[in-house]
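Right, one structure below, let's go through it.
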Amino acid sequence: MPELPEVESIRLSLAARILGKTIEDVEVRWPPAAVSLADEDFSALARNRTIESLDRRGKYLLMNLSHGLTMIIHFRMTGRLIYYPEQHEPNKHTHVVFRLDQGELHYSDIRKFGRIQLVSFQMAFKAACLAKLGPEPLDESFTFDQLGMRLARKKSTIKAALLDQTVVAGIGNIYADEALFRAGILPDRNTASLKVSEIILLYDAICEVLQEGITAGGTSFRDYRDADGKKGAFQENLMVYGRSGQECKYCGGQLAKIKVAGRTTVYCPNCQK
DNA sequence: CACTAAACCTGGGAGC
DNA sequence: TGCTCCCAGGTTTAGT
């Protein structure tokens, strides 16, 4: 389930393969996955455009094409974007095939939740999905004060606040649980109950866990792969996510599982207060 | 405003 | 082996 570190890892691996290449043809095999401007044909619109740059905003990958067009890609849970240097046979989960002047880019998605939107560059940041996003947690402009001010407006649990993309962009279930463990904060604490010292710990934990996730090439708990089809390594560093009932790597106690904000949440009852 | 639930989907695992 | 059931979770939308 690609969160910020996974999308960033896709962006980095993809950049090395496709920047400067031209989209010569597009085969949309499952139309709901490829959304374009009103009444415009996705394939026709994308054809004969050069891939000029790759950006990321939260969990969204932005592919900027020549002539002012941008593809906004969200992978949701099982989306993948993989580059093949040679012609490659699509499978039943391959929804869009981009044939480049050299190689092919395949978008596949088992669960069919992900979407590729094709919009004008000017419209991209006004698009409903991007406009509401909170700050980028790894930008220099993201400070602990900013986090504190945004959390102060929330009346939910701290876990729900971290998953809220309008508070901070890019955190999902994995990194929310990991950041809260590192900060020693129980996931179902009310946001208003956090002391300033705890928000400082949380701020540091968020920045560290996301940066380490990127360095490890993301977390391949199940489906995630980068643009070369390679797994990440951060699953080996997970302290709580997916480890319910197992020993806490820090104190040796048993990790607990609860539902918070409708999501499975794993934490250490001893290390997190 | 904030919460919950449903909807969107399929594969994998558990239990029988 | 094969069936059923439940679970995984990002986001939007509808309802309370």
Side-chain angles (χ1 to χ4, degrees), chain A residues 1-10 29-35 56-62 72-81 90-96 107-117 119 124 126-134 136-137 149-180 187-194 210 213 218-225 231-232 234-235 238 240-246 255-267:
Chain A
M1 40 230 85
E3 303 178 26
L4 188 153
E6 288 73 40
V7 179
E8 183 65 9
S9 297
I10 292 169
R29 299 162 53 86
W30 189 66
V35 182
R56 181 191 54 72
R57 183 77 175 89
K59 301 172 192 173
Y60 293 86
L61 180 68
L62 308 176
I72 305 175
I73 302 164
H74 199 300
F75 299 99
R76 291 293 217 280
M77 263 82 77
T78 54
R80 289 182 183 179
L81 201 51
N91 64 31
K92 65 172 178 174
H93 301 303
T94 309
H95 304 318
V96 186
Y107 175 76
S108 70
D109 186 0
I110 292 172
R111 304 279 293 277
K112 295 181 171 174
F113 285 5
R115 292 291 180 267
I116 302 178
Q117 286 178 264
V119 300
K126 293 178 189 165
C129 56
L130 296 183
K132 293 183 285 187
L133 291 180
E136 281 296 317
M149 276 169 18
R150 286 170 168 273
L151 289 179
R153 292 187 217 133
K154 297 292 290 182
K155 292 177 178 173
S156 59
T157 61
I158 184 60
K159 167 123 182 197
L162 292 182
L163 293 175
D164 184 342
Q165 301 300 298
T166 69
V167 172
V168 182
I171 299 173
N173 209 28
I174 296 174
Y175 294 93
D177 277 9
E178 293 298 311
L180 287 166
D188 59 353
R189 287 265 301 277
N190 194 295
T191 303
S193 76
L194 295 188
L210 293 175
T219 301
S220 290
F221 194 76
R222 300 186 61 155
D223 300 288
Y224 167 71
R225 299 293 185 277
K231 290 184 175 188
F234 197 67
Q235 62 277 10
L238 296 176
V240 285
Y241 180 84
R243 301 192 65 245
S244 166
Q246 298 181 37
L255 299 179
K257 179 167 82 168
I258 53 173
K259 283 269 182 197
V260 182
R263 311 289 170 77
T264 298
T265 299
V266 184
Y267 68 101

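Within every chain, numbering begins at 1; the chains are lettered A, B, ... in the order of the sequence lines, protein sequences first and strands thereafter. No hydrogens, no waters, no symmetry mates; every other heavy atom, side chains included, goes into these values.
- Counted by atom type alone, A:Y60 and A:Q117 present zero donor-acceptor pairs between their side chains at under 3.5 Å.
- Remark: P of B:dC8 and CH2 of A:W30 are 11 Å apart, rounded to the nearest angstrom.
- Annotation: side chain of A:Y175 is in contact with side chain of A:F234 (closest heavy-atom distance under 4.5 Å).
- Picking from B:dT10, C:dG10, C:dA8 the nucleotide with the shortest atom distance to the side chain of A:K59 gives C:dG10.
- Residue A:M1 is in sugar-phosphate contact alone, with no base atom involved, counting any heavy-atom pair closer than 4.0 Å across all strands shown.
- Taking atom CG on A:D164 and atom C1' on C:dT12, their separation rounds to 13 Å, with Å as the unit.
- Of the charged side-chain nitrogens involved, at least one lies within less than 4.0 Å of a carboxylate oxygen, so that A:K154 and A:D164 count as a salt-bridged pair.
- Nearest heavy atoms, A:R29 versus A:T94: NE-O, 2.9 Å.
- Of the options A:E3, A:E178, A:K159, a side chain to side chain donor-acceptor pair (under 3.5 Å) to A:N173 is made by A:K159 and by none of the others.
- Between A:K259 and C:dA8, a side-chain N or O to OP1/OP2 separation shorter than 4.0 Å is present.
- Centre separation under 5.5 Å together with a plane angle under 30° does not hold for the ring of A:F113 and the six-membered base ring of C:dT11, so they are not marked as stacked.
- Taking 4.0 angstrom as the limit, A:H93 places none of its side-chain polar atoms (N or O) nearer than this to OP1 or OP2 of B:dC9.
- Ranked by how close their nearest DNA chain C nucleotide is to the 5' end, A:T78 and A:K132 are led by A:T78.
- Under 4.0 angstrom from either OP1 or OP2 of C:dT11 there lies at least one side-chain N or O belonging to A:Q165.
- Atom NE2 of A:H95 and atom P of B:dC9 are 10 Å apart (whole Å).
- For the pair A:R222/A:M77, no side-chain contact is recorded, criterion being any heavy-atom separation below 4.5 Å from C-beta on.
- Distance CG (A:D223) to C1' (B:dG12): 10 Å, rounded to an integer number of Å.
- Side-chain atoms of A:Y267 and A:V260, non-hydrogen and from C-beta on, never get closer than 4.5 Å to each other.
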Filtered N/O pairs between nucleotides 1-4 of chain B and protein, under 3.5 Å:
residue, atom, partner, partner atom, Å
B:dA2, OP1, A:R153, O, 3.3
B:dC3, OP1, A:K155, O, 3.1
B:dC3, OP1, A:S156, N, 3.4

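- When side chains are defined from C-beta on, A:Q165 does not count as touching A:K132, because their heavy atoms never get closer than 4.5 Å.
- At a threshold of 4.0 angstrom between heavy atoms, the contacts of A:K92 are confined to the sugar-phosphate backbone, with no base atom among them.
- Summarising the geometry, the separation between CG on A:L130 and P on C:dT12 is reported as 10 Å, rounded to the nearest angstrom.
- Atoms CD1 and CG, on A:I110 and A:D223 in that order, are 5.0 Å from each other to the nearest 0.5 Å.
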(request) Treat a base pair as Watson-Crick or G-U wobble with both distances under 3.5 Å, then lay out DNA chain B in dot-bracket form, 5' to 3', with | for cross-strand pairs. (result) .|||||||.|||||||
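- Residues A:L151 and A:V167 are in side-chain contact: their nearest non-hydrogen atoms beyond the backbone lie under 4.5 Å apart.
- A:H74 places its NE2 atom 16 Å from the C1' atom of B:dC9, with the value rounded to the nearest Å.
- At whole-Å resolution of the value, CG in A:D109 and P in C:dT11 are 13 Å apart.
- Note on A:R263: a side-chain N or O is less than 4.0 Å away from OP1 or OP2 of C:dG10.
- Nucleotides B:dC9 and C:dT4 have their P atoms positioned 22 Å apart, rounded to a whole Å.
- With rounding to whole Å, A:L162 atom CG is found 15 Å from C:dG10 atom C1'.
- Side-chain nitrogen and oxygen atoms of A:T264 include at least one within less than 4.0 Å of the OP1 or OP2 phosphate oxygen of C:dA8.
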